[in-house]
Amino acid sequence: MKIAIGSDHGGFKLKEEIKSHLAELGYEYHDFGTFSPEAVDYPDFARKVAEAVAKGDYERGILICGTGIGIGIAANKVPGIRAALCHDTFSARASREHNDANILTMGERVIGPGLAKEIVKVWLESEFAGGRHARRVEKIRAIERDYSKT
Ligand code: RB5
């Protein structure tokens, strides 16, 4: 599984730790930046990762900012993206099983690296359950389709 990862300055340090964790777990990833703790704008990095995932170049994405909120809001503007903010392993698993989330977002200022690493592992190992959840995800796609016409 190929993973796209990105952050703003507020998530830079945690992104570096998550990259080492991905390597330890044997996942292939590409880092879309930011590449230093210098202040940047989170929508720029949300867009890069979200477009790469939406195009199908990467199966999943991980985005980190200070809270995980702004970068997730921005990523969810790209059609086909279902970005989920998860700060616990229960939500991480559910976001995959129920929502088929294709991007995980987290906030470096909210949780520590130990929990963040566990969340990433659970999220990457969990699969979409389909069934009734597939109908609901299809309804999310229908909203996107309807609003793309306006
Ligand atoms: C940057 O200061 C901060 O606003 C950003 O990392 C994020 O938390 C936005 O939602």
Side-chain angles (χ1 to χ4, degrees), residues 1-25 27-126 128 133 136-137 139-148 150:
M1 184 193 303
K2 281 168 72 187
I3 297 156
I5 189 166
S7 76
D8 72 352
H9 56 291
F12 172 69
K13 195 165 170 274
L14 183 57
K15 170 168 68 66
E16 297 309 299
E17 301 203 49
I18 296 299
K19 276 162 54 183
S20 307
H21 189 53
L22 290 175
E24 276 166 25
L25 294 174
Y27 288 104
E28 193 185 331
Y29 65 82
H30 179 77
D31 185 357
F32 284 81
T34 187
F35 300 108
S36 84
E38 197 181 314
V40 289
D41 298 331
Y42 60 80
D44 297 337
F45 300 91
R47 185 172 191 149
K48 285 178 208 281
V49 168
E51 286 179 348
V53 172
K55 268 203 308 189
D57 294 344
Y58 297 84
E59 238 175 293
R60 307 265 193 96
I62 298 174
L63 284 167
I64 306 166
C65 66
T67 59
I69 297 171
I71 211 154
I73 291 173
N76 275 317
K77 297 296 175 190
V78 175
I81 292 305
R82 291 175 301 281
L85 172 62
C86 301
H87 285 145
D88 63 88
T89 54
F90 179 85
S91 304
R93 186 175 296 106
S95 80
R96 288 288 311 131
E97 291 179 351
H98 292 202
N99 316 114
D100 199 15
N102 48 14
I103 292 186
L104 166 69
T105 80
M106 296 182 293
E108 182 187 306
R109 297 171 187 161
V110 184
I111 53 168
L115 176 56
K117 286 177 192 173
E118 267 192 56
I119 289 167
V120 165
K121 186 170 189 293
V122 166
W123 189 75
L124 290 173
E125 288 172 0
S126 301
F128 183 45
H133 303 296
R136 293 161 187 164
V137 170
K139 287 188 178 187
I140 295 174
R141 289 199 188 95
I143 296 171
E144 263 177 10
R145 278 198 300 275
D146 291 349
Y147 276 85
S148 72
T150 58

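Each ligand, and each atom within it, is numbered from 1 in the order the structure gives. Not measured: the values here are computed from a predicted model.
- At the shortest separation from atom 2 (O) of ligand 1 among protein heavy atoms lies Arg109 NH1, 3.4 Å.
- Once rounded to the nearest 0.5 Å, the distance linking OH of Tyr58 with CE of Met1 reads 14.5 Å.
- Taking 4.0 Å as the cut-off, Glu108 does not count as a neighbour of ligand 1 on heavy-atom distance.
- Considering backbone and side-chain atoms together, Ile69 places no N or O closer than 3.5 Å to any N or O of ligand 1.
- Shortest contact from atom 10 (O) of ligand 1 to any protein heavy atom: Gly70 N, 2.9 Å.
- For atom 8 (O) of ligand 1, the nearest protein heavy atom (residue, atom name, distance) is Thr67 N, 3.0 Å.
- The backbone N or O of Ala92 lies less than 3.5 Å from a partner atom in the side chain of Ser95, making a donor-acceptor pair.
- Of the polar atoms of Tyr42, none of the N or O atoms is found under 3.5 Å from an N or O of ligand 1, judged by distance alone.
- For Asp8, every heavy-atom contact with ligand 1 shorter than 4.0 Å involves the side chain, none the backbone.
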**Item:** Steps toward side-chain contact (heavy atoms from CB on, under 4.5 Å) verdict (Thr34, Phe45)
**Value:** CA-CA 7 Å; Thr34 187; Phe45 300 91; 3.7 Å; yes
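- When atom types are taken as modelled, the side chain of His30 and the backbone of Ala4 share no donor-acceptor pair closer than 3.5 angstrom.
- Between Glu125 and Lys121 there is a salt bridge, since a side-chain N of the basic residue sits under 4.0 Å from a carboxylate O of the acidic one.
- Taking a cut-off of under 4.0 Å to the non-hydrogen atoms of Cys65, the atoms of ligand 1 that pass are 6 (O), 7 (C), 8 (O), 9 (C), 10 (O).
- The main-chain N or O of Gly72 is found under 3.5 Å from a side-chain atom of Asn76 such that the two form a donor-acceptor pair.
- Near His9, meaning under 4.0 Å from one of its heavy atoms, ligand 1 places the atoms 1 (C), 2 (O).
- With respect to Glu144 and Arg141, no salt bridge is recorded, no charged nitrogen being found less than 4.0 Å from a carboxylate O.
- The pair Lys2-Asp57 does not count as a salt bridge, with every side-chain nitrogen at least 4.0 angstrom from each carboxylate oxygen.
- Interface of Gly66 with ligand 1, defined as ligand atoms under 4.0 Å from a residue heavy atom, comprises 5 (C), 6 (O), 7 (C), 8 (O).
- Less than 4.0 angstrom separates atom 4 (O) of ligand 1 from none of the non-hydrogen atoms of the protein.
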